[in-house]
Amino acid sequence: MTILNKKSRILIPFTSRTMARIATNILSLNHEEAMEFFMKSEQYHGFEMPEYFSFDEVLKYVHETIGDKPYEECIQEGISPEDISDVNLDILLNKDGRYAVRPIILANPFLYYFLVREVCSEDGWQMVKKLFDKFNVPHITSCAMPVIPWEKEAFHKATTINNWWSSMEQRAIELSLEYRYMFVTDITNCYGSINPQAFDWAFSMKETSYEIDGENTIAKNIQKYLRAFQQGRNIGIPQGSAIFDFVGEIILGYSDLLLHEAIQAKVKEYEEQGRTFPAYEIIRYRDDYRVLCNDKGTLEEISYILQQVLERLNFRMNSQKTKISDSIVTDAVKADKLAYIYNTPIFNKKGVDFDSFEKHLLFILMFSRQYPDSGSIRTMLSDIDKRVEEHLKSLDEKNDSFSNNWEHVDLCEDDYAPKAKSVSSEIKTYNRQKYIPGGSIRALSAVCTQIALENVGCVHYALRIISRMIDSLKDMDEKQSIIDLVYHKLCNQPNSDYNQLWLQNMTYTQDKKQGTSPYTLRLCQLVVGKKVDSIWNSDWMRAELTSSLPYNSIVDSKTLKKVTPVIMFRETRLYNEY
């Protein structure tokens with residue numbers, strides 16, 4: 001039985017996996033559609049940002065201004081982007097609040113367009129698609145091709161997460177019916193280790209049965225633009241945009257072809273010896289591998305072959321994440337998610353066993369130290385945010401009830417005066433410092449701040465809880481005091497740019513009233529209406545091409561007007577339903 005994928009007009013065999021929503025990858029698009037896909041704001045930055053940021057107008061300007069102009073005619077004579085700094089807006093994420101750093105970039109939109117245009121030209125796109133046809137080999141499944149988002153996504157990257165879940169995790173669990181053992185590994189610092197020369201090898205399919213002679217112009221230009229993004233460094237590729245994931249997949253797809261042919265050589269060797277090579281299946285999502293087989297010795301053989309292939313491409317296996325498992329069903333699931341399932345004793349049918357909100361947050365903090373920046377941390381923070389929201393709502397209802405019950409009482413009446421005075425005092429106390437079970441708002445904010453500090457990818461989830469609690473306070477001095485302390489804790493450290501983006505989302509309404517803003521990041525200055533000469537250093541471009549770049553459009557004024565003291569975003573709460 002088959003079903004029709006209306007988006008790509010491709011008939012797909014009906015399997016149990018098609019019961020999940022089908023994700024269409026970008027290879028189903030023509031070159032113009034692929035260009036349109038990459039030139040959208042949500043593909044330009046693959047990491048979450050406050051919803052009032054949009055780069056669509058900037059990308060549209062670059063597309064219309066540059067068009068088909070050759071790269072050499074757009075740059076100033078004698079100047080190369082490889083030779084100057086700040087070409088991109090670099091955001092270094094302080095991953096653990098200490099020394100571990102992961103760099104992501106908001107790519108220079110001109111360089112970004114040149115790279116996208118190179119890949120998505122009519123000839124280039126056909127060549128790339130033919131390349132991936134060759135990389136599509138038996139017994140090795142790649143699940144990492146960028147997918148087209150559903151028209152309405154429930155949360156950030158919902159389509160991508162669903163694709164990973166169905167193609168990687170669920171597929172491995174399904175294969176546990178057929179196979180006994182699974183080899184698990186990933187590549188250490190994958191994108192940072194990519195050798196740009198490997199693009200030449202990939203496009204010529206070097207040392208494979210499809211090898212072709214001659215230099216490839218697209219491969220050379222991809223290398224040129226990647227060097228320009230990285231100030232001339234000839235190693236690695238940047239992170240932060242869908243186009244970088246896509247060109248990275250060219251190298252990883254080439255590694256699939258090398259691996260397949262190396263295993264086939266081993267199969268032939270077995271046949272010459274009168275033996276049968278055991279059945280196997282390999283699933284890869286970017287740099288994560290799952291290799292399944294019924295024979296443990298064969299599985300080890302395949303793992304050594306994989307190691308040799310990766311070494312040829314300057315990759316290293318991550319020894320800390322490499323193992324052979326005989327429990328495929330559980331080891332197919334991400335470790336943090338599995339721990340959330342079997343080692344989280346706080347949830348029951350009635351709600352949460354921890355009456356204390358502080359104990360609940362401390363549990364999340366300790367869990368995050370074992371599984372930092374994981375999807376389960378976001379789920380847990382979403383759960384306690386719902387608890388806080390419901391608790392504060394019930395207090396508001398109680399306050400309204402007090403007011404309604406005593407508004408008709410004549411305070412001069414001797415019988416009612418003491419009670420009214422007592423209730424009035426209680427309301428004042430309530431309004432000054434709302435009661436949170438198991439801790440003050442200041443203490444709970446401190447725990448949330450520590451979670452944010454150690455899990456930068458979850459910073460907006462932790463800050464939303466803080467923003468909700470602070471918004472409930474009536475004492476303006478207390479409110480401002482907590483905000484100042486949270487700000488200094490998160491921003492008075494190196495590489496805190498990402499924290500600034502989300503802190504400003506929390507404090508924007510208050511900053512606007514006071515007419516001040518402590519944020520130094522250029523994107524943050526745009527939010528408060530300050531004039532910014534440039535976000536990216538484009539001095540290497542001809543001035544007439546860059547002079548009208550619409551920086552002011554980066555902050556959507558309509559969305560900004562809707563900003564409240566409580567941070568709003570499309571939460572990844574449904575993550576753990578996958």
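In terms of the side-chain contact (heavy atoms from CB on, under 4.5 Å) criterion, residue partners of L175 (sequence neighbours excluded) are, by chain and number, R171, E178, Y179, E281, I283, L292. In terms of the salt bridge (Lys or Arg N to Asp or Glu O under 4.0 Å) criterion, residue partners of K321 (sequence neighbours excluded) are, by chain and number, D186.
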- Item | CA sep, side-chain torsions, deciding dist, call: L526, I535, side-chain contact (heavy atoms from CB on, under 4.5 Å) | CA-CA 10 Å; L526 282 177; I535 299 294; 3.9 Å; yes
Requested in this report: Please step through ring pair (Phe, Tyr, Trp, His ring centres under 6.0 Å) for the pair F357 and H391, ending with a clear verdict.
Outcome: CA-CA 10 Å; F357 282 56; H391 177 75; 5.6 Å; yes
Check: Where do D373 and I377 land on the side-chain contact (heavy atoms from CB on, under 4.5 Å) test, with the steps shown first?
Finding: CA-CA 7 Å; D373 259 333; I377 303 304; over 6 Å; no
Using salt bridge (Lys or Arg N to Asp or Glu O under 4.0 Å), reason through R290 and E169 one step at a time and then give a plain yes or no. CA-CA 10 Å; R290 307 286 185 269; E169 183 180 289; over 6 Å; no
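Few gaps surround CD on E389; more than 12 heavy atoms of other groups in view lie less than 6.0 Å from it. More than 12 heavy atoms of other residues, nucleotides or ligands sit less than 6.0 Å from atom CG of D484. Annotation: K489, atom NZ; neighbour count of heavy atoms from other residues, nucleotides and ligands within 6.0 Å does not exceed 12. Atom CD of Q320 has 12 or fewer heavy atoms from other residues, nucleotides or ligands within 6.0 Å.
Across all their heavy atoms, N455 and P372 have their closest contact at OD1-CA, 3.3 Å. When all heavy atoms are compared, the tightest approach of N25 to L27 is OD1-N, 2.8 Å. Across M182 and A332, no two heavy atoms sit closer than the pair CE-N, 3.8 Å. When all heavy atoms of A107 and F244 are compared, the closest pair comes out as CB-CZ, 4.2 Å.
At least one donor-acceptor pair under 3.5 Å links the side chain of S496 to the backbone N or O of C491. For the pair W502 (side chain) and I567 (backbone), a donor-acceptor distance under 3.5 Å is absent. A donor-acceptor pair under 3.5 Å is formed between the side chain of R378 and the backbone N or O of G457. N537 contributes no side-chain N or O that, together with a main-chain N or O of V87, makes up a donor-acceptor pair within less than 3.5 Å. Between the side chain of S467 and the backbone N or O of R464 there is at least one donor-acceptor pair closer than 3.5 Å.
Checked by atom type, the side-chain pair Y61/S553 shows no donor-acceptor distance below 3.5 Å. Judged by distance alone, the side chains of E454 and S368 never bring a donor and an acceptor atom under 3.5 Å apart. Checking Y44 against D56 by side-chain atom types alone, no donor-acceptor pair falls below 3.5 Å. Side-chain contact check for S167 and N163: at least one donor-acceptor pair (N or O, by modelled atom type) lies under 3.5 Å.
Taking the centre of each ring, Y112 and F38 stay at or above the 6.0 Å mark.
Note: Y285 and W164 have perpendicular aromatic rings, judged against thresholds of 30 and 60 degrees for the angle between ring planes.
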